[in-house]
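Notes follow once the structure below has been shown.
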Amino acid sequence: MIGKLKGTIDEIGDDHVLVDVHGVCYVAFCSARTLSKLGSVGEACVLFIETYVREDQLKLFGFQTQLEREWFNLLQSVQGVGAKVALAVLSTLTPPELANAIALQDKTAVSRAQGVGPKVAIRIVTELKNKAPAFAGEAINIGLKQEIGEGVAAAPVADAVSALTNLGYSRDQAANAVAAAMKTAGEDADSAKLIRLGLRELSR
């Protein structure tokens, strides 16, 4: 089982990188985001690896961070999501962005990934809402701009974020607080409850 590769970049393809480890080259399939951050041919690189062994093939999937690898595996616990779709989602959304999309039940953000239709996006945000890692890290503003009429988030969520920003909090702080409130109140909570719980989060 290969858990990590440390070597030099021999070649970068559309969906993979060839890593030279002391003369042995390994093909690792990666998200577009990971590939874009690897550097150039000849430069050193480190990849966290998920090894897939099947009857007729052995594949390595490479990730810039362990968190990205965890999300790769978590996404595949959703019906209809395989390795290709999981990489597509991670090519479109960073782990914090994905966590935020799931916390806010933002299926539109997830459906931006290539090959992810509305039904799969709904399954991802629904099935992972209780499995996803706790929302943490830098705040991400995903489609909550009610003023430009995107209609990405549900109305109570958008209203709660808008109310908190009107109280003087930044949109990122408000999105964080509402995301945390939804974990407690559930996706069907009304805006008043989300605002109340959001304020409680912000006062901590």
Side-chain angles (χ1 to χ4, degrees), residues 1-103 106-121 123-125 127-129 131-143 172 176:
M1 184 69 69
I2 298 173
K4 184 189 287 188
L5 288 179
K6 291 183 179 181
T8 56
I9 300 170
D10 187 82
E11 173 189 302
I12 297 179
D14 292 336
D15 61 352
H16 69 277
V17 61
L18 203 60
V19 182
D20 186 335
V21 182
H22 303 301
V24 179
C25 289
Y26 296 86
V27 177
F29 294 91
C30 306
S31 69
R33 191 179 301 275
T34 290
L35 290 174
S36 70
K37 295 182 178 181
L38 281 179
S40 304
V41 171
E43 293 184 2
C45 75
V46 177
L47 286 175
F48 294 94
I49 298 295
E50 186 70 25
T51 306
Y52 276 26
V53 180
R54 301 290 186 267
E55 291 182 1
D56 57 345
Q57 64 178 339
L58 187 153
K59 270 190 173 183
L60 304 181
F61 295 91
F63 308 94
Q64 187 181 23
T65 65
Q66 292 190 63
L67 181 59
E68 187 185 17
R69 182 174 63 185
E70 290 171 9
W71 272 107
F72 175 73
N73 288 320
L74 189 60
L75 282 165
Q76 289 180 84
S77 70
V78 176
Q79 180 186 359
V81 177
K84 186 176 180 179
V85 171
L87 285 181
V89 172
L90 292 171
S91 292
T92 304
L93 301 171
T94 65
E97 287 172 339
L98 182 53
N100 205 16
I102 291 169
D106 188 353
K107 61 183 181 296
T108 304
V110 178
S111 66
R112 291 203 306 265
Q114 185 175 5
V116 178
K119 290 183 179 179
V120 173
R123 284 203 296 268
I124 288 174
V125 299
E127 293 182 27
L128 296 185
K129 65 181 179 181
K131 297 180 183 178
F135 180 76
E138 60 182 289
I140 303 296
N141 176 17
I142 298 181
D172 286 344
N176 265 334

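Computed from a predicted structure; not experimentally measured.
With a 6.0 Å radius and a threshold of 12 heavy atoms from other residues, nucleotides or ligands, Gln79 has its CD atom at or below the threshold. Residue Gln114 qualifies as open at atom CD: its count of foreign heavy atoms under 6.0 Å is 12 or below.
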Mind running side-chain contact (heavy atoms from CB on, under 4.5 Å) on Phe48 and Glu68 for me, showing each step along the way? CA-CA 9 Å; Phe48 294 94; Glu68 187 185 17; over 6 Å; no

Starting from the C-alpha separation in whole Å, work towards a yes-or-no answer on side-chain contact (heavy atoms from CB on, under 4.5 Å) for Leu93 and Val110. CA-CA 8 Å; Leu93 301 171; Val110 178; 4.3 Å; yes

With side-chain contact (heavy atoms from CB on, under 4.5 Å) as the test, would you mind laying out the steps for Arg33 and Leu90 before giving the verdict? CA-CA 7 Å; Arg33 191 179 301 275; Leu90 292 171; over 6 Å; no

What do the steps show when you test Leu47 against Thr34 for side-chain contact (heavy atoms from CB on, under 4.5 Å), and what is the final call? CA-CA 9 Å; Leu47 286 175; Thr34 290; 3.9 Å; yes

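Nearest heavy-atom pair, Ala113 versus Thr92, reported as atom, atom and distance to 0.1 Å: CA-OG1, 3.3 Å. Residue Gly62 comes nearest to Ala28 through the heavy atom pair N-CB, 4.1 Å, listed as atom of the first residue, atom of the second, then distance. Looking at every heavy atom in both residues, Glu50 comes nearest to Asn73 through OE1-ND2, 3.2 Å. For the residue pair Val78 and Ile124, the shortest heavy atom distance occurs at CG1-N, 4.0 Å. The minimum heavy-atom distance between Ala83 and Tyr52, with the atom names listed, is CB-CE2, 4.3 Å. Nearest heavy-atom pair, Val81 versus Val120, reported as atom, atom and distance to 0.1 Å: CG2-CG1, 3.8 Å.
Arg69 places a side-chain N or O within 3.5 Å of a backbone atom of Gly3 that can act as its donor or acceptor partner. Here the side chain of Ser111 pairs no donor or acceptor atom with the backbone of Ala121 at under 3.5 angstrom.
With values rounded to the nearest 0.5 angstrom, Asp14 atom CG is found 9.0 Å from Leu35 atom CG. Of the inter-residue distances, the one linking Thr51 atom OG1 with Tyr26 atom OH reads 10.0 Å to the nearest 0.5 angstrom. In this structure, Glu127 CD and Leu75 CG are separated by 11.0 Å, a value rounded to the nearest 0.5 Å. Annotation: the span from Ile49 atom CD1 to Lys59 atom NZ amounts to 13.5 Å, rounded to 0.5 Å. Atoms SG and CG, on Cys25 and Leu18 in that order, are 4.5 Å from each other to the nearest 0.5 Å. Rounded to the nearest 0.5 Å, atoms CG (Asp15) and CZ (Phe61) are 9.5 Å apart.
Annotation: side-chain contact (heavy atoms from CB on, under 4.5 Å) contacts of Ala44 (sequence neighbours excluded): none. Residues satisfying the side-chain contact (heavy atoms from CB on, under 4.5 Å) criterion with Ser77, sequence neighbours excluded, are Leu74, Leu128, Lys131.
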